[in-house]
Amino acid sequence: MNDKTAVAPSNFIRHIIDEDIKNNKNQGKVKTRFPPEPNGYLHIGHAKSICLNFGLAKDYQGVCNLRFDDTNPEKEDMEYVDSIKEDVTWLGFKWFEDVKYSSDYFDKLYQYAIDLIKDGKAYVCSLSPEQAREYRGSLTEPGKDSPYRSRTIEENLELFEKMKQGKFDEGEHVLRAKIDMASGNMNMRDPIIYRIRKEAHHQTGNQWCIYPMYDYTHCISDALEGITHSVCTLEFEDHRPLYDWFLDQIDIDCHPQQIEFARLNLNYTVTSKRKLKQLVDENIVNGWDDPRMPTISGFRRRGYTPASIRDFSERTGVTKVDGIVDMSLLEFCIREDLEHHAARTMCVIRPLKVIIDNYEEDKIEKLSAPKHPKNTDMGNRSLIMEKEIYIDHQDFTEDPPPKYKRLTTGKEIRLRNSYVIKCESVVKDEQGNITELHCSYDPETLGKNPEGRKVQGVIHWVSANHSHVAVVKEYDRLFTVEKPDGQNQDFLSFYNPNSLVEHTSARIEPDLIKAQVGENFQFEREGYFVKDKDSSDELPVFNRTVTLRDNWEKKPDNKDAKPRRRRG
RNA sequence: UGGGCCGUCGCCAAGCGGUAAGGCCCCGGGUUUUGAUCCCGGUAUGCGCAGGUUCGAAUCCUGCCGGCCCAGCCA
């Protein structure tokens with residue numbers, strides 16, 4: 001799956017599994033699961049969880065289930081289950097057997113609930129939500145027993161049956177576990193097992209009007225599926241006693257081990273379904289798959305590859321330390337992948353016409369250039385050289401800073417894969433804007449360096465009459481600060497208005513018009529780009545995945561650096 | 001004395017009593033028709049702080065300090 005020889009990453013979960021296998025726990029088997037709730041699109045944090053769970057299963061010759069944790073019909077939707085399946089598949093993983101749903105177990109869950117009632121471990125509580133909150137106590141004060149805690153088993157059975165039959169309204173009654181209202185762990189203060197929700201469910205339709213809660217459902221679903229290691233994030237640490245409690249009370253022969261790890265945080269973005277949904281709903285971005293979004297679908301559209309995201313997941317490690325990973329690591333991962341696999345091409349994003357005065361009128365030369373500087377197996381592409389070409393506005397200045405390696409008046413420059421040209425004169429409009437350059441070329445410099453002179457740089461270019469117009473979208477980080485969801489300010493106030501810059505008159509090499517949507521390229525000297533789905537046959541659209549690393553722009557003494565592209 | 005968890009380089013992260021791996025970022029230098037790639041080299045006398053145990057402590061003990069999570073009929 002990965003080109004690189006996998007260096008078995010050491011982490012505490014693997015230590016636990018290694019120990020379990022050594023002790024022949026679970027007959028030495030490993031079975032994991034990825035349990036998303038279909039209430040939004042998956043983001044980079046989920047990607048890490050997917051890579052962890054499926055990766056663990058793969059490395060230990062086990063299997064991994066995909067199970068939708070669908071116990072809250074209010075927030076869930078088929079659109080999300082479809083997108084989640086697509087994302088998991090795209091990342092390169094195959095789930096065991098068919099997709100599973102917690103709702104597959106609603107009947108069994110109901111039976112176990114009846115067992116709990118019969119054992120005196122659960123009761124129907126008729127406190128209103130407000131009253132229940134008061135009875136629950138606070139973080140520092142114990143709660144009080146519900147007055148309904150002592151209902152008889154018969155009464156509970158009858159009430160619960162009626163709840164299921166729809167005889168009550170939402171909020172009238174709930175089924176609660178009878179544990180300990182004085183527990184320091186809020187989750188153990190008689191947690192709710194079932195609540196009434198008169199809502200159609202995307203899998204079970206109108207079959208049910210009572211729905212089980214997460215804590216009750218998750219552990220039993222894991223056990224029913226024979227999961228050995230139930231990996232989840234840190235915030236569920238407090239829920240583990242409850243996870244274990246339910247499995248200890250019911251008659252079931254499997255007791256998976258819940259293990260918590262720190263969720264992935266990335267700087268300059270947000271990874272909370274609620275906030276991502278807000279960005280979509282308020283049209284701050286253009287949908288869940290906007291290339292600026294940290295969603296899997298966003299990264300896919302941005303041009304990230306599955307391998308790069310898997311690599312990133314592995315490099316960030318698995319621990320219980322709640323940290324925030326630098327975006328630069330993700331950028332490193334995609335650059336590394338694309339450096340090896342993306343074909344090279346030239347695209348002039350901000351065209352500036354260059355007329356080569358001593359180049360023969362109407363002459364056309366067909367040149368050839370490698371698609372990759374090192375991997376010759378990728379073959380060549382052809383270029384057209386002629387009297388009029390375009391170079392990038394940013395590759396010319398009349399006032400060059402020290403060590404400038406682009407074109408300037410009276411100096412020579414190498415046209416990548418073509419001749420050396422020299423700038424003879426500059427044409428400007430009334431406002432003083434540079435509109436055209438007149439150059440001369442040295443016919444002796446195709447494929448070889450001029451004798452006795454050193455050319456100070458190389459710039460990319462494209463033929464004026466044999467190139468195509470294209471739209472190029474440059475993306476930058478979505479937020480202007482590292483932790484947009486920091487303290488006391490709305491995260492939206494940190495939105496980066498320059499996160500999308502669109503260039504509508506870019507010019508691409510002739511061959512690039514044949515590119516496929518989703519195909520990755522390196523626009524030489526600019527960055528990695530991918531053809532977007534918004535392309536038409538006449539007008540291709542390219543998204544910038546990431547820039548090339550650039551040591552020049554970072555130099556503090558480089559006064560030319562500012563207006564040029566930013567990271568991203 | 002509410003409960004749970006976490007603190008090793010700017011960011012991740014190994015380490016599990018024998019004297020601080022690695023990656024990213026960053027900084028030098030070399031090669032280069034991409035200011036890319038690639039290649040060399042550099043970057044924690046110290047592991048939140050303070051004591052203690054020990055021949056020896058990031059690793060064990062004690063006490064502090066700092067951070068995160070929990071009071072949804074959400075997951």
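Only heavy atoms go into these numbers, but all of them, side chains included; no hydrogens, no water, no symmetry mates. On a predicted model such as this, the values are computed, not experimentally measured, just so you know.
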Mind listing the side-chain donor-acceptor pairs of residues 318-326 of chain A below 3.5 Å, one per line with the distance, residues two or more places apart or on another chain?
from	atom 1	to	atom 2	distance (Å)
A/T319	OG1	A/V321	N	3.1
A/K320	NZ	A/E237	OE2	2.4
A/D322	OD1	A/N265	ND2	3.4

message: Please report the distance separating the C1' of B/C61 from the corresponding atom of B/U53, rounded so that it comes out in whole Å.
response: 7 Å
query: With sequence neighbours left out, what residues match A/E37 under salt bridge (charged side-chain N to carboxylate O under 4.0 Å, His left out)?
result: none
task: Not counting sequence neighbours, which residues clear side-chain hydrogen bond (donor to acceptor under 3.5 Å, both in side chains) with A/D190? List them please.
output: A/Y123, A/R149
query: Which whole number of Å gives the distance between the C1' atom of B/G15 and that of B/U59?
result: 8 Å
message: In whole Å, measure the gap between the P atoms of B/C26 and B/U37 for me.
response: 10 Å
message: Say we look at B/C60 and B/G41: how far apart would their P atoms be, to the nearest angstrom?
response: 35 Å
- request: May I ask you to evaluate whether A/S10 reaches the phosphate of B/A13, defined as a side-chain N or O under 4.0 Å from OP1 or OP2?
  value: no
message: Check this one for me: any side-chain N or O of A/R195 less than 4.0 Å away from OP1 or OP2 of B/A75?
response: yes
- request: Check every strand shown and say whether A/T217 touches a base, only sugar-phosphate, or nothing at a heavy-atom separation below 4.0 Å.
  value: nothing
query: Would you say A/H15 reaches B/G15's phosphate, i.e. side-chain N/O to OP1/OP2 under 4.0 Å?
result: yes
statement: A/K162 meets the side-chain hydrogen bond (donor to acceptor under 3.5 Å, both in side chains) criterion, sequence neighbours left out, with A/E158
Below 4.0 Å: OP1/OP2 of B/G35 and any side-chain N or O of A/R525: yes
message: Between B/C5 and B/G46, how many Å separate the two C1' atoms, rounded to a whole number?
response: 26 Å
- request: Write down the distance separating the P atoms in B/G7 and B/C12, rounded off to the nearest Å.
  value: 12 Å
task: Check whether NZ of the Lys or CZ of the Arg A/K275 lies under 6.0 Å from the centre of the six-membered ring of A/F491 and within 45 degrees of that ring's axis.
output: yes
query: Residues two or more places apart in sequence or in another chain: which of them pass salt bridge (charged side-chain N to carboxylate O under 4.0 Å, His left out) with A/D169?
result: none
query: B/U45 and B/U8: how far apart are their C1' atoms, nearest whole angstrom?
result: 15 Å
message: Looking at A/R133 and B/G72, is any side-chain donor or acceptor paired with a base atom of the opposite kind under 3.5 Å?
response: no
- prompt: Mind checking what makes ring-ring contact (aromatic ring centres under 6.0 Å, His included) contact with A/Y211, not counting sequence neighbours?
  reply: A/F106, A/H201
- prompt: Looking only at atom C1', what distance separates B/G72 and B/C49, rounded to whole Å?
  reply: 39 Å
query: Does any residue of residues 134-144 of chain A have a heavy atom under 4.0 Å from RNA chain B, and if so, which ones, in number order?
result: A/R136, A/S138, A/L139, A/T140
message: For nucleotides 36-42 of chain B, give me one character per nucleotide, 5' to 3': B if any protein heavy atom sits under 4.0 Å from the base, S if the only such contacts are to the sugar-phosphate, - if neither.
response: SBS----
task: Name all residues meeting the side-chain hydrogen bond (donor to acceptor under 3.5 Å, both in side chains) criterion together with A/R151; count only those two or more places apart in sequence or in a different chain, and write none if there are none.
output: A/S126
